[in-house]
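First up is the structure itself, then whatever we jot down about it.
Residue numbers start from 1 in every chain, and the chains themselves are labelled A, B, ... in the order their sequence lines are given, proteins ahead of strands. What you are looking at is a predicted structure, and each value in this text was computed from that prediction instead of being measured.
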2 protein chains.
Amino acid sequence: MVRPTMEDVAKRAGVSRALVSLVMRGSPKVSEQRRGAVLRAAEELGYSPHAMARSLASRTSTVLGVMVSDLHNAFFAEVVDGLDAVAREQGFELIINTGGRSPARERRALDSLLSFRPAGLALLSPVVPTAAISNAADHLPIVLVARSSRVSGVDTVNDDGEQGVGLAVDHLVSLGHRDVVHLDGGEGSQSGPRRRGFVNAMAKHGLEPRVVASEYTDAAGARAVQELHRGGRMPTAVISCNDFNAVGAISALEEAGYRVPEDVSVVGYDNTSLAALRHVSLTTVDQPRNEIGRLAAEALLQRVRGERTEPVRHLLHPSLVVRNTTAAPGGPS
Amino acid sequence: MVRPTMEDVAKRAGVSRALVSLVMRGSPKVSEQRRGAVLRAAEELGYSPHAMARSLASRTSTVLGVMVSDLHNAFFAEVVDGLDAVAREQGFELIINTGGRSPARERRALDSLLSFRPAGLALLSPVVPTAAISNAADHLPIVLVARSSRVSGVDTVNDDGEQGVGLAVDHLVSLGHRDVVHLDGGEGSQSGPRRRGFVNAMAKHGLEPRVVASEYTDAAGARAVQELHRGGRMPTAVISCNDFNAVGAISALEEAGYRVPEDVSVVGYDNTSLAALRHVSLTTVDQPRNEIGRLAAEALLQRVRGERTEPVRHLLHPSLVVRNTTAAPGGPS
DNA sequence: CTACAGCATTGGAGCGCTCCAACCAATAGA
DNA sequence: TCTATTGGTTGGAGCGCTCCAATGCTGTAG
């Protein structure tokens, strides 16, 4: 159970501990002969460096902390992929922690990450109060993903939800729709911009924007549609706040006897793997998730290297993915 | 950017560094008066303990490493929830890393986790070679989840896939089905037991087990069904290797003009959130994911505390969740 | 032959913490 | 009164490493 240290390697190779340290860090000022001897000794002993001791001694860290608010959401998985790719390229590691969408748990997760003294911290859609974030930002670079916040000294990366829903509206209008309803995400983090995008885009086309309160779940989407049905004012198209909501809406529509997309078109948001399933084949708005992760990592690493102190606020362009849940109103049946 | 140390807190509180250390660790042998002074000083300075220095000095760790092979799979999210709950209860933290289903990346992820010298390691469905695992197992406790392996000195937690598929077969047979096909997961980690469970259960009922090669994706499920259709020997029921495969199968069935469940019943495996969507409403086999995580954490912590050295091999009982994709053959239409 | 680079190598201090033996009252027991 | 005992507190060593100043060693120029 006990691991060899540099001292052990040094002894075996017949050199000093400092020389082993140089070899391990790939220093050029070591003779080839010694380097070989050290590497061989390390190999034989099964030595592996102790990251914590290294970081303690060097007062630097090659670790980026990532706080994922919700591991259940595949959206974050792809953001993490992007973060990971960039971090790895530049010699950094990721450690991930999760807050489970509870502010208290998230606080603990944050403390836990901070106690490792990472070089920087990426917070994916955090729910902790802004104060906690700006507090931590005094000590290390922080980038906020999927939460726009005006905390000073903190970078942010978001998709432009306003533009995204705008794309959906344009698409539907160009198909001939004039009566479109938005199922709103309520308290959800990005529902504000999405709703705004809907209202503005409808106004741009001179149409009346109907917004119905809903939530980011399939059950909520179904409920919203049932209410529309009972109210007797079913629109020709629905733009949901996300894919889950859209799928719920579709199943409620079908139960109520509407055909999708012949009678009612439905657009989702996020382009989750769910939307791509052939059984679902949902027209939806795609966020460049991987790109979001990459930009977040780059923002962090720029600060880590001291290349920048001014905050950056990335706002990425979403794109529309047209599948089989949208068509002209009263279209081919 | 520079954080206060114990020394700073000690100076401010007018005590020794050792005393601050005792307070931070919640030792009972500190007078209330001093404790108060120390905590106040720490608060005022914004002190937070340095986990790495602590772990280095104490030669112990309160960190459990978790290697998630695929962050995109929500299955693991719930396992992590279970792990997290138990770890937290017992004063441990989780650090997570991901291997993206690539052996090379997974190896690096493993090394990265090990370099933090965690107290134990949970590997969720790892794809690295057994040798790497048994190697690491010499240095610290390891638990394997969703990968049965006979590595000595390593604990395992799995669901009983054989039993799970058996439940599905029993359910279908009790509905009156006699012609059932299993869409096999191929190389996938748990496809072996699932296929075995199918063959054995069918044999038990005196029925011919038909197995068709497929994969863990919705496209593969659709392809398998299309082949069955072309072959002209469509069964009355299909048991897929997982939920994605089942959803692909359903959509291909509907495209080919079969009604689900009236003409063909479909059963999935995993009870992902996908299965629960009302639009899908898939009959499927549920693994006790949270329980799997809890047992994994407990196995690890038992070893960490030195309470056990014999390996344990948990095999958990799955359960059948009946929804709307199964019915009697040629049933109500 | 000495001086002086230039290079590879080394010992030692120190990162922030824990742990231990030693210490210092204050109290209890004889 | 003197010695044990107890509870609280402390300095110092050391965890595995990095970093720096210093060392020894060549080889070249003066």
Side-chain angles (χ1 to χ4, degrees), chain A residues 1-39 41-42 45-63 91 111 114-119 139-140, chain B residues 1-39 41-42 45-63 91 111 114-119 139-140:
Chain A
M1 286 294 236
V2 64
R3 287 187 166 268
T5 74
M6 273 195 174
E7 203 67 55
D8 302 321
V9 176
K11 208 165 291 167
R12 184 170 188 115
V15 298
S16 72
R17 189 194 58 249
L19 209 250
V20 177
S21 171
L22 288 175
V23 172
M24 288 304 154
R25 281 175 290 149
S27 163
K29 37 170 129 187
V30 178
S31 67
E32 276 316 308
Q33 181 198 1
R34 304 271 191 162
R35 182 188 306 282
V38 167
L39 291 176
L45 291 173
Y47 171 79
S48 89
H50 192 311
M52 298 180 139
R54 165 178 295 182
S55 139
L56 183 60
S58 64
R59 268 143 295 177
T60 63
S61 167
T62 58
V63 170
D111 284 342
L114 287 174
S115 75
F116 286 100
R117 300 292 189 269
H139 298 295
L140 81 174
Chain B
M1 285 293 237
V2 61
R3 287 189 166 264
T5 74
M6 273 196 173
E7 203 68 55
D8 302 321
V9 175
K11 208 164 290 167
R12 185 171 187 116
V15 299
S16 73
R17 189 196 58 249
L19 209 249
V20 176
S21 171
L22 289 174
V23 172
M24 287 304 154
R25 282 175 289 148
S27 162
K29 37 171 122 185
V30 178
S31 67
E32 276 317 308
Q33 180 197 1
R34 304 270 192 166
R35 181 188 307 281
V38 167
L39 290 177
L45 291 174
Y47 171 79
S48 89
H50 192 309
M52 298 180 140
R54 164 178 297 181
S55 137
L56 183 60
S58 64
R59 270 142 293 177
T60 62
S61 167
T62 58
V63 170
D111 283 342
L114 287 174
S115 75
F116 287 100
R117 301 289 190 271
H139 298 295
L140 79 176

Measure from [atom1] on [X] to [atom2] on [N] and round the result to the nearest Å.
X: H50(B); N: dG16(C); atom1: NE2; atom2: C1'; value: 6 Å
X: K29(B); N: dA22(C); atom1: NZ; atom2: C1'; value: 13 Å
X: E7(A); N: dG14(D); atom1: CD; atom2: C1'; value: 12 Å
X: R17(A); N: dT10(C); atom1: CZ; atom2: C1'; value: 9 Å
X: R59(B); N: dG16(C); atom1: CZ; atom2: P; value: 18 Å
X: L19(A); N: dC17(D); atom1: CG; atom2: P; value: 15 Å
X: R34(B); N: dT10(D); atom1: CZ; atom2: C1'; value: 10 Å
X: L56(A); N: dA13(C); atom1: CG; atom2: C1'; value: 13 Å

Testing dT18(C), dC15(D), dC17(C) for proximity to the side chain of A53(B), the answer is dC17(C)
Any idea which of dG11(C), dC19(C), dT10(D) is nearest the A18(A) side chain?
-> dG11(C)
If each end axis of the helix from dC1(C)-dG30(D) to dA30(C)-dT1(D) is fitted on five C1' pair positions, the angle between them, to 10 degrees, is 60°
[N] OP1/OP2 closer than 4.0 Å to side-chain N/O of [X]:
X: S16(B); N: dT10(D); answer: yes
X: S21(A); N: dC17(D); answer: no
X: S31(B); N: dT9(D); answer: yes
X: R25(A); N: dC19(D); answer: yes

In chain order, what residues pass the side chain to side chain donor-acceptor pair (under 3.5 Å) check against S21(A), with sequence neighbours excluded?
-> R25(A)
D8(B): what forms a salt bridge (charged side-chain N to carboxylate O under 4.0 Å, His left out) with it, not counting sequence neighbours?
-> none
Specify the closest pair of heavy atoms between M24(A) and V38(A), including all atoms of both residues, with the distance to one decimal.
-> CE-CG1, 4.4 Å
Heavy-atom pair of closest approach, residues L45(A) and P4(A) = O-CG, 3.4 Å
Under 3.5 Å, is there a donor-acceptor pair linking the side chains of R3(B) and S48(B)?
-> yes
